[in-house]
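What follows is one structure encoded as structure tokens, with my remarks underneath.
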2 protein chains.
Amino acid sequence: MAYRETEKMRLRKAAARQRIAECTYKCVAEGGFRNARITRIAQLADVATGTIYRHFESKEDLFAEIFRQATQREIAKVTKALATSGSATERLEKALRQFAERALKGPVMAWSLIAEPVDPKVEEERLAYRKAYAGLFEQAIREGIEEGCIPDQNARQSSTCLVGAIAESLVGPLSPTQTNLAAAKETENNDQLVNTIICFCLQGLTGIRR
Amino acid sequence: MAYRETEKMRLRKAAARQRIAECTYKCVAEGGFRNARITRIAQLADVATGTIYRHFESKEDLFAEIFRQATQREIAKVTKALATSGSATERLEKALRQFAERALKGPVMAWSLIAEPVDPKVEEERLAYRKAYAGLFEQAIREGIEEGCIPDQNARQSSTCLVGAIAESLVGPLSPTQTNLAAAKETENNDQLVNTIICFCLQGLTGIRR
DNA sequence: GCTATTAGTGAATATTGATTCATTCTTTTG
DNA sequence: CAAAAGAATGAATCAATATTCACTAATAGC
């Protein structure tokens, strides 16, 4: 008997794994899953390509884990926004704004999480993400219906419309960010854009002119 | 001198080209551009892979042409719906319904045209498509603002919200059709779905409860 | 210091799918 | 029919990446 994994090594391995995950996140945030090459990730993390495979079963698994981590963060933010006090409409507005502002800050990542075509294992993660998200908005809409500030409607379908309107406006192929990323940096425009979207969404939900 | 292209040959070549185009369309409608392999297209069209390259410069060129043909059809439909008589709101409703129903009939193609990541040459076609589309809806919204049936707003941004809400609800990753395609065949549900979406969109646009 | 065990390496391999091109088949015309 | 030109073919090639694995380096316990 000569070697047994020690605490020091466990930490070092965990650190390496973490570093690989972070660099993968960076790559995806830059150009989506499609453009995140194993070689590039290895370069960034300063390890050999083979090392990545000592920490993750496959590229797909690595991506799935990154996806899960990223979405958990997003879900947490929206959950928090919806957990504040105020009417359902007010809380929804906060949540939508949170969602929109985060998407604007990282449009590529937002697109990757929402719409980029991905491998089956990652798609599975997206399913969970989707359910969590749809569930959150749906729940808030239901509360609004009970409170009376939102008219009766199919909460599930409406929540999909919300997500679609925001996603398309901010990160979709028809969005301004795709063609003139430079211009999208102008925060003033962005505020205006977010307001327009929120206005559209809340009117769509409530049918009340704002 | 011995051979000169004759009318008969020109027609035959045109027919082959057309057949390749149609089979490509079929492939894309089935699984998007990503899954449309040259070999599969060649099989369907009953030609050798090399033959495709006698008719099209490259896969990218072939796809770009298919994209153009497909979008021209879509644009024509929406243009027609918007050219009918009635108030701007009524005409927009017709156009949105047209758009939604066509997307439901061919969700994969709709997704490919709207959101699937594509090569640069195809993306260029999408730019034109997008301009045409955005232009049409925008124009109708502007007319509505002038008529007074739609409150003043950024017509461009609102038209993007419209497209997003529909696209996400019908063909997006969060849509119901992605997971239970079987259930999506139930036309009754679809009618209900389209109505919900249209309601959301028109309320978003007008702020008037329907 | 020695040895067993695990971690790390990165060039070589495997895979997937577009594209090419030497060859064969067709058509045209004298 | 023969010669010239073009069209069609599809196996071979190329390209781009993910993955493997034989080898080297580092660590743990004696």
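These values consider heavy atoms only, across backbone and side chains, with no hydrogens, waters or symmetry-generated copies. Throughout, a chain's letter reflects where its sequence line sits, starting with A, and its residues are numbered from 1.
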Please check if the number of heavy atoms outside B:Glu57 that lie under 6.0 Å from its CD is greater than 12.
no
side-chain hydrogen bond (donor to acceptor under 3.5 Å, both in side chains) filter on B:Arg54, not counting sequence neighbours, yields none
Under the side-chain hydrogen bond (donor to acceptor under 3.5 Å, both in side chains) test, residues paired with A:Gln72 that sit two or more places apart
none
Please report the distance, rounded to the nearest Å, between [atom1] in [X] and [atom2] in [N].
X	N	atom1	atom2	answer
B:Leu11	D:dA7	CG	P	14 Å
B:Lys13	C:dT27	NZ	P	13 Å
B:Asn35	C:dA18	CG	C1'	15 Å
B:Arg10	D:dG6	CZ	P	14 Å
B:Ile52	D:dT9	CD1	P	10 Å
A:Arg54	C:dT9	CZ	P	10 Å
A:Ile20	C:dA7	CD1	C1'	12 Å
A:Asp119	D:dT17	CG	P	15 Å

Please list, pair by pair, any protein nitrogen or oxygen found under 3.5 Å from a nitrogen or oxygen in nucleotides 18-21 of chain D.
from   : atom 1 : to      : atom 2 : distance (Å)
D:dA18 : OP1    : A:Lys59 : NZ     : 2.8
D:dA18 : OP2    : A:Ile38 : N      : 3.1
D:dT19 : OP2    : A:Tyr53 : OH     : 2.5
D:dT19 : OP2    : A:Lys59 : N      : 3.0
D:dT19 : O5'    : A:Tyr53 : OH     : 3.4

B:Phe99 side, atom CZ; B:Ile114 side, atom CD1 - distance, nearest 0.5 Å:
4.0 Å
Within the pair A:His55 and C:dG8, is there a side-chain N or O less than 4.0 Å away from OP1 or OP2?
yes
How would you list, by chain and number, every residue that makes a side-chain contact (heavy atoms from CB on, under 4.5 Å) with B:Cys27, sequence neighbours excluded?
B:Ala36, B:Arg40, B:Ile41, B:Leu44
Pairwise N/O distances under 3.5 Å, protein to nucleotides 25-27 of chain D:
from   : atom 1 : to      : atom 2 : distance (Å)
D:dT27 : OP1    : A:Arg12 : NH1    : 3.2
D:dT27 : OP1    : A:Arg12 : NH2    : 2.3

Filter on salt bridge (Lys or Arg N to Asp or Glu O under 4.0 Å), then keep only pairs touching residues 132-143 of chain B, sequence neighbours left out; what's left?
B:Arg91-B:Glu143, B:Glu138-B:Arg142, B:Glu138-B:Arg156
Kindly confirm or rule out a cation-pi arrangement of B:Arg17 over B:Phe56, judged by NZ or CZ under 6.0 Å from the six-membered ring centre and within 45° of its axis?
yes
Given the ring of B:Tyr25, does B:Arg68 sit roughly above its face, with NZ or CZ under 6.0 Å from the centre of the six-membered ring and within 45° of the axis?
no
Just by distance, no angles: are the side chains of A:Thr160 and B:Glu168 close enough, under 3.5 Å, to form a donor-acceptor pair?
no
